[in-house]
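As structure tokens, the structure follows; a few thoughts come after it.
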Amino acid sequence: MNAHSKIAFSRQPTDRPVAADVRAGLLQDPGFGKVFTDHMVTIRWSQARGWHDGMIGARAPVQLDPAAAVLHYGQEIFEGLKAYNRADGSIALFRAEQNARRFNASAARMAMPELPETTFLQAVDELVKIDSAWIPKGDGALYLRPFMFATEAFLGVRPSHEYLFMVIASSVGSYFKGGEKPVTVWLSDRYTRAAEGGTGAAKCGGNYAASLLAQAEAIENGCDQVVFLDAAEHRWVEELGGMNIFFVMSDGSLLTPPLGTILPGITRDSILTLARKEGRTVREERYPIEQWRADAASGKLKEAFACGTAAVVASIGKIKSGKGDIVMGDGATGPVTAAIKARLVGIQRGDVADEFGWVRRIG
Ligand SMILES: *Cc1c(COP(=O)(O)O)cnc(C)c1O
């Protein structure tokens with residue numbers, strides 16, 4: 001199977017879609033990741049047949065053998081992207097081809113088969129089209145979750161010989177319960193999420209499993225999220241459990257940790273591209289935690305924000321840790337963070353010119 005071959009999809013729309021009035025009720029205040037649409041995409045892979053049995057059908061539970069490799073050894077990867085309703089009535093995806101590419105980079109790291117990028121994009125487009133009534137009006141979006149996992153019934157330890165690729169969709173509003181309020185982040189000085197040579201740059205469920213205890217600690221300490229330091233020295237700021245991090249200095253420059261053990265965020269890349277374009281100095285450099293404390297105290301560091309598809313840009317008001325808190329500026333969302341968020345959301349929604357060709361209409 002080469003990278004350009006197309007997989008045929010069979011279409012079996014559900015005969016029991018959620019009633020329009022029930023759907024309208026669910027879309028009032030969907031929250032994040034709990035309202036699901038009527039359909040899903042499934043494509044199977046086996047060593048003998050490659051990708052086959054592409055289908056778009058009713059959303060339903062998946063049957064798995066209890067010995068399915070994913071349940072024992074966690075061979076699983078995923079993506080996350082959004083479809084937006086735009087002011088002109090069209091539906092658009094933001095840089096979806098980057099998700100397709102990153103999905104295959106994750107697959108390669110986890111010893112899984114690559115999915116032709118055209119198939120990934122076709123699967124996403126078809127699901128958005130069939131479930132377009134589930135895209136909330138206004139600020140919400142349809143969050144798409146492509147994922148793949150090992151289905152072979154085999155307890156020996158080696159890459160599985162069978163996989164299932166799926167796409168599901170969830171109607172979403174704001175990622176954080178507090179809406180636009182700055183978030184408070186817990187600094188984990190005990191747990192790390194990724195080490196050199198590990199899977200930090202792959203979007204795999206295992207990274208999230210390893211982050212949950214630190215995330216629970218964050219919540220116990222009254223925080224929304226956790227920020228991790230590097231595994232070797234426990235000194236260099238890496239990223240949050242599911243978002244990259246940026247710092248805004250008093251000279252207006254941006255600083256963000258370099259790629260390597262962190263997830264190469266598409267939002268991160270978009271912010272770097274936009275900032276460079278507007279003539280801002282941007283540095284992809286390691287930033288030590290003691291410098292973060294000192295710069296926040298001296299006023300050299302003005303703002304910090306987290307970024308990712310789900311929340312887009314979330315201002316960080318305060319860091320809490322066992323060794324004392326760090327407050328950014330006056331704890332409110334800063335002007336640079338607000339401007340970056342407005343520009344990015346504006347491009348996604350069609351209110352700001354899309355100079356980089358990041359937005360693709362699908363209907
Ligand atoms: C998905 C993810 C991000 C953000 O990536 P985007 O492409 O911007 O959504 C950041 N960190 C981790 C660990 C992630 O899994």
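First listed ligand is number 1; within each ligand, the first listed atom is number 1. Only a predicted model underlies this, so the values are computations on that prediction, with no experimental measurement involved.
Inter-residue side-chain proximity for Trp45 and Leu115 is flagged as unmet; no heavy-atom pair is nearer than 4.5 Å.
Listed by atom number, the atoms of ligand 1 under 4.0 Å from Asn244 heavy atoms are 10 (C). The distance from ligand 1 to the heavy atoms of Gly241 drops below 4.0 Å at these ligand atoms: 13 (C). When each atom of ligand 1 is checked for a heavy atom of Arg102 under 4.0 Å away, the hits are 5 (O), 6 (P), 7 (O). Close contacts of ligand 1 with Glu239, meaning ligand atoms under 4.0 Å from a residue heavy atom, involve 10 (C), 11 (N), 12 (C), 13 (C).
A salt bridge links Asp88 with Arg361: the distance from a Lys NZ or Arg NE/NH1/NH2 to an Asp or Glu carboxylate oxygen falls below 4.0 Å. By the 4.0 Å N-to-carboxylate-O rule, Lys318 lies close enough to Asp325 to be salt-bridged with it. Salt bridge Arg59/Asp131: absent, no basic N to carboxylate O contact under 4.0 Å. For Glu290 and Lys323, the salt-bridge test fails: no basic side-chain N is under 4.0 Å from an acidic carboxylate O.
Between the side chains of Gln75 and Tyr163, a donor-acceptor pair is found at a separation under 3.5 Å.
The backbone N or O of Leu272 sits nowhere less than 3.5 Å from a side-chain atom of Arg280 that would complete a donor-acceptor pair. Within the 3.5 Å criterion, the main-chain N or O of Leu229 finds no donor-acceptor partner in the side chain of His234.
Atom 3 (C) of ligand 1 has its nearest heavy-atom neighbour, among Gly308, Gly242, Ala194, in Gly242. Of all the listed residues (Leu81, Val312, Thr267), Thr267 holds the heavy atom that lies closest to atom 8 (O) of ligand 1. Across the listed options Leu263, Leu240, Ile266, Asn207, Ile266 owns the non-hydrogen atom lying nearest to atom 6 (P) of ligand 1.
Among protein heavy atoms, atom 9 (O) of ligand 1 sits closest to Thr309 OG1, 2.6 Å. The protein atom (non-hydrogen) at minimum distance from atom 5 (O) of ligand 1 is Gly265 CA, 3.4 Å. What sits closest to atom 15 (O) of ligand 1 on the protein, heavy atoms only, is Tyr208 OH, 2.5 Å. Remark: minimum distance from atom 1 (C) of ligand 1 to any protein heavy atom is reached at Lys203 NZ, 1.3 Å.
The side chain of Arg193, and not its backbone, has at least one atom closer than 4.0 Å to an atom of ligand 1 (non-hydrogen atoms only; side chain from C-beta on).
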